[in-house]
Amino acid sequence: MKTVYLDNNATTKVAPEVIEVMMPYFSELYGNPSSMHTFGGQVGRKIQAAREQAAELLGANPEEIIFTSCGTESDNTAIRSALTTQPDKKHIIISRVEHPAIRALCAHLAPQGYRITELPVDKNGVLDLENLDKALTPDTAIVSLMWGNNETGVIFPVEEAAHLAHEKGVLFHTDAVQAAGKIPINMKNNVIDMLSISGHKLHAPKGIGVLYVRRGTKFAPFLIGGHQEKERRGGTENTAGIIGLGKACELAAGNLKKENEGVRRLRDKLERELLARIPQSRVNGDTANRLPNTTNISFEYIEGEAILLLMNELGICASSGSACTSGSLQPSHVLRAMGVPFTMAHGSVRFSLSVYNTEDEIDFVIDKMPAIIARLRAMSPFWNQEGQSCAAQ
Ligand code: PLP
């Protein structure tokens with residue numbers, strides 16, 4: 001059976017070009033980049049080239065790039081660095097829809113004496129910057145707001161938010177794990193202090209990430225060990241992963257137009273056709289200001305998990321709620337924060353595309369989804385046989 005992979009916000013296929021440049025680092029180029037000899041030193045030079053490729057995607061300077069193991073490590077490092085370098089400040093501002101890499105860390109920090117403000121979002125997942133302005137205090141150590149939401153794709157105005165934070169002397173971090181490679185990012189045009197990205201979301205392998213730290217920002221490492229990454233992140237480098245990430249960043253920079261035209265067109269077609277063919281379905285999240293590859297659609301009165309199982313039988317991969325929480329039957333914290341009604345939140349499916357998806361795949365999904373939804377609704381106690389909602393009355 002052919003797989004139709006529409007779960008690219010969970011993880012992506014490693015690009016063949018990325019695999020190709022990584023392979024030598026598992027065989028002949030196994031030297032340690034910190035070694036004095038040429039054999040290891042040559043690997044160090046390649047790491048520097050990958051740093052330049054990552055910097056290029058972000059409009060950053062190469063020395064502002066720190067390689068980490070993943071987006072979660074980058075997020076944790078940014079928050080912990082802000083707290084360590086400003087020990088007198090005990091307040092952190094995030095949003096209600098942040099990824100667990102930020103929210104769970106803050107929940108972990110709260111009992112240690114930190115005050116956490118979680119900014120609300122409206123029914124479309126949109127953030128009101130006035131709430132940020134009101135929440136900033138002299139005690140605020142850092143604001144961390146995601147650039148693009150992993151479940152809905154909604155884009156936050158992080159560049160404006162960073163200005164607001166700076167006006168009050170507060171550091172600003174953004175989790176750009178879903179945004180990088182999908183929308184243009186140019187750190188020369190904003191005042192964001194720290195930014196996280198993750199390799200496996202942009203066609204590099206799992207186990208590699210980046211934390212961007214603006215030149216001049218006070219920084220305290222999270223992993224303390226050797227002198228790697230100019231003492232900003234201890235641990236022998238994941239050389240193959242770094243080389244792969246560099247290549248993936250180069251490809252992503254070249255594919256930005258394709259993401260924003262080709263991928264967006266396929267996403268819009270999928271969304272438009274599903275809404276037209278399936279009654280009582282709706283999109284969750286602000287459709288005007290969204291990542292080009294993501295659509296989160298609710299099919300009322302049925303369970304997202306059941307939909308995924310039937311899709312799975314046809315080889316179609318997607319997610320219900322967040323990829324990281326799809327083990328639980330709770331509606332996702334993102335949809336709850338948006339106040340999506342219970343009957344809608346439960347039946348939500350996130351489709352996330354990539355540059356590898358084809359029109360044929362999208363047509364296949366458009367063709368199969370109405371029967372899947374109709375079959376489940378026929379079994380739903382809230383949906384009568386005439387195809388009408390009963391529970392709404
Ligand atoms: N932040 C966001 C927005 C994500 O979507 C994810 C992964 O789903 C992460 C952080 C964590 O990244 P990683 O899986 O590399 O730890």
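In listed order, ligands and their atoms are each counted from 1. The shown structure was predicted, so the numbers you read here are calculated from the model rather than taken from an experiment.
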Between [X] and [Y], is there a side-chain N and carboxylate O pair less than 4.0 Å apart?
| X | Y | answer |
| --- | --- | --- |
| R103 | E118 | yes |
| R233 | E73 | yes |
| R290 | E271 | yes |
| E20 | K247 | no |

Pick one: which of N149, N284, T152 meets side-chain hydrogen bond (donor to acceptor under 3.5 Å, both in side chains) with N296?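 The residue from N149, N284, T152 that satisfies side-chain hydrogen bond (donor to acceptor under 3.5 Å, both in side chains) with N296 turns out to be N284.
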
Is the contact between [X] and ligand 1 made by the side chain, the backbone, both, or neither, using heavy atoms and a 4.0 Å cut-off?
| X | result |
| --- | --- |
| V177 | side chain |
| K201 | side chain |
| D75 | side chain |

Under 4.0 Å from any heavy atom of [X], which atoms of ligand 1 are there?
| X | value |
| --- | --- |
| Q178 | 3 (C), 4 (C), 5 (O) |
| N150 | 3 (C), 5 (O) |
| H200 | 13 (P), 14 (O), 15 (O) |
| M146 | 3 (C) |
| S198 | 13 (P), 15 (O) |

Are Y356 and H203 close enough that their ring centers fall under 6.0 Å?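 That pair passes the under 6.0 Å test.
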
With a cutoff of 4.0 Å, is K206 in contact with ligand 1, counting heavy atoms of the residue only?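 Contact absent.
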
Using heavy-atom distances only, which candidate in G71, S352, A179 approaches atom 13 (P) of ligand 1 most closely? G71

Using the six-membered ring of Y25, assess whether NZ or CZ of K46 lies under 6.0 Å from its centre and within 45 degrees of the ring axis.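 Geometry flag: not set, cation outside 6.0 Å or 45°.
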
